[in-house]
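Convention: sequence-line order gives letters A, B, ...; per-chain numbering from 1.
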There are 2 protein chains.
Amino acid sequence: MKPYTILIIDDEPQMRNLVRTFLAKDGYIVEEATDGMDALAKVYKLQPHLCIVDVMMPYMNGFEFAKELKRTTNIPIIFLSARGEEWDKVEGLKIGGDDYMVKPFMPGELIARVESVLRRSYQHRYLSQSFTVGPLVIDHLAHKVTLDNNTVSLTVKEFGILETLARKPGRVYTREQILNLVWGDDHKSTDRTIDTHIKTLRLKLGEAGSMIETVWGIGYKLEVK
Amino acid sequence: MKPYTILIIDDEPQMRNLVRTFLAKDGYIVEEATDGMDALAKVYKLQPHLCIVDVMMPYMNGFEFAKELKRTTNIPIIFLSARGEEWDKVEGLKIGGDDYMVKPFMPGELIARVESVLRRSYQHRYLSQSFTVGPLVIDHLAHKVTLDNNTVSLTVKEFGILETLARKPGRVYTREQILNLVWGDDHKSTDRTIDTHIKTLRLKLGEAGSMIETVWGIGYKLEVK
DNA sequence: GGTAGTTGTGAAATACTTATGAAAAGGTAC
DNA sequence: GTACCTTTTCATAAGTATTTCACAACTACC
């Protein structure tokens, strides 16, 4: 299972279906939007890892969308255009486009480009960069959490749970979801295990431990205060 | 001044001239070859940072050249093809092509793609010969480590592990990652082997050996103190 | 306020990971 | 082929993480 969400933005339902089919078959989570405005709203809700956007669209074209997207995020973009359509590739790359494809394309090309862009974007940016949530700084590659500039020593599971919650503050995760994400889909642990790890996390995080909130009957979330 | 050498391989003198003009104007050192065989000979002599290669060429086509090049080097490749020429983009990317362009192209596009490929390829590569981490000076070419100005005698594997860890201080590497990076992807060793080498490294580095930290459940990292 | 269901907690049991010394296997130079 | 060095394997000890369990504490709902 690939943990990547891809947002495909195109006004033609046929094209969206086509792209979705190929990507879904390859294990990606695929979301759709019909125009730039729709897409921007969804970006904030879905936090996709990649946007594939048609250059020619009504209301807001691909470039305008890209500009707006890059203004506030680092989400990579692949532009789509129909053969013969006049548009400026250099301009697209300058705006921050990471790649482009000309329709019609082969499924293999789509997959190859998506993989290439994701690899580039998330190896050196997202993953290698630490992110901050309130007083916490979490660095995935260094496997390190600091709280007010002091390193907090966490075990693998504790780190995994905290990282998961912290990547989407406010979002609630069920214990089962946490198990799937941190342990893997084939885990054989029970929900009580999560409770115990949450207990330890709260303890180790001291005052900041209260950021991890219990959502009664559902699971846990991390709320920035 | 850009310290990059680019080798352009095309059987048409006109196209070579064109590309050379654009790139030279932008500060690159440009070399030319007329076919795949000629190019391979020059690669070893000139050690270029990038090859731009026409797909359709006599004697040895672009793909054959690329295969041979990637067999022995990591030099990135941009493929050139004429509009309408039948060739397989996916095949090109699979062979290890880093990008491709369709003739005719605008100078701006050429520059943008060259810069993009060079940035990607050389960001994380060994640009300098020796580097310093805390009390250690590591010289890749001389295969030499000094600790407080005293040479430390390391075996090949020990050196490889230390160099790997030291190039990204703070970053955690799993034993498997270390094996892939130092031994190569087709290694057949076990994780315990790494443990033993780490033991020896710590011993040989004396006090500085404590820079190599165990990250429980994951692997090892080098932390500068 | 009672009750059923859910979560928190401490302690114990279990499972797993790493360090280490010694020995075997593999290479290389002479 | 021998001597010497490197690399790998192995067994065991030491250490740490993870899970389970029992019960207490809490929450929602009637």
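- Between B:Thr190 and D:dT9 there is a side-chain polar atom (N or O) within less than 4.0 angstrom of OP1 or OP2.
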| message | Please determine whether salt bridge (Lys or Arg N to Asp or Glu O under 4.0 Å) holds for the pair B:Arg113 and B:Glu115, giving the CA-CA distance in whole Å, both sets of side-chain angles, and the decisive distance to 0.1 Å. | response | CA-CA 5 Å; B:Arg113 288 187 175 279; B:Glu115 280 183 0; over 6 Å; no

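- For B:Ser189 and D:dT7, the shortest distance from a side-chain N or O to OP1 or OP2 is not below 4.0 Å.
- For B:Trp216, the side-chain atoms get nearest to D:dG15 when compared with the rest of C:dA11, C:dT20, D:dG15.
- The distance from atom NZ of A:Lys188 to atom P of D:dT19 is 7 Å, rounded to the nearest whole Å.
- Atom CG of B:Leu201 and atom C1' of C:dT20 are 15 Å apart (whole Å).
- B:Lys204 places its NZ atom 11 Å from the C1' atom of D:dT7, with the value rounded to the nearest Å.
- When the nearest nucleotides of DNA chain D are assigned to B:Thr196 and A:Thr196 by heavy-atom distance, the more 5′-ward of the two goes with B:Thr196.
- Rounding to whole angstrom units, CD1 of residue B:Ile212 and C1' of C:dT18 are separated by 15 Å.
- Across the interface with DNA chain D, nearest-nucleotide mapping of B:Ile194 and B:Ser153 shows B:Ser153 to be the residue nearer the 5′ end.
- Not one side-chain nitrogen or oxygen of A:Arg175 sits closer than 4.0 Å to the OP1 or OP2 atom of C:dT6.
- A close approach under 4.0 Å does not occur between any side-chain nitrogen or oxygen of B:Tyr220 and OP1 or OP2 of C:dT17.
- Counting non-hydrogen atoms under 4.0 angstrom, B:Thr155 reaches the backbone sugars and phosphates but no base.
- The side chain of B:Trp183 contributes no N or O atom lying less than 4.0 Å from OP1 or OP2 of D:dT7.
- The residue A:Phe159 sits apart from the nucleic acid: no heavy atom pair falls under 4.0 Å.
- Contact of the B:His187 side chain with the B:Asn180 side chain is registered, since non-hydrogen atoms from C-beta on lie closer than 4.5 Å.
- Checked against C:dT7, C:dT18, D:dT8, the side chain of A:Thr214 finds its nearest nucleotide in C:dT7.
- Here B:Lys157 pairs with nothing under the salt bridge (Lys or Arg N to Asp or Glu O under 4.0 Å) rule; sequence neighbours left out.
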| said: Test salt bridge (Lys or Arg N to Asp or Glu O under 4.0 Å) on B:Glu31 and B:Lys42; report intermediate values, then the result. | reply: CA-CA 9 Å; B:Glu31 302 284 349; B:Lys42 284 184 173 157; over 6 Å; no

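- In this entry the distance linking CZ of A:Arg202 with P of C:dG10 reads 13 Å, nearest Å.
- Atom NE2 of A:His187 is separated from atom C1' of D:dT19 by 14 Å (rounded to the nearest Å).
- In this structure, CG on A:Asp35 lies 9.5 Å from CD1 on A:Ile9, to the nearest 0.5 angstrom.
- In this structure, B:His197 atom NE2 and C:dA19 atom P are separated by 14 Å, rounded to whole Å.
- As judged by a 4.0 angstrom heavy-atom cut-off over every strand, A:Lys157 is placed among residues touching the sugar-phosphate backbone only.
- The distance between atom CD of A:Glu176 and atom P of C:dT6, rounded to the nearest whole Å, is 15 Å.
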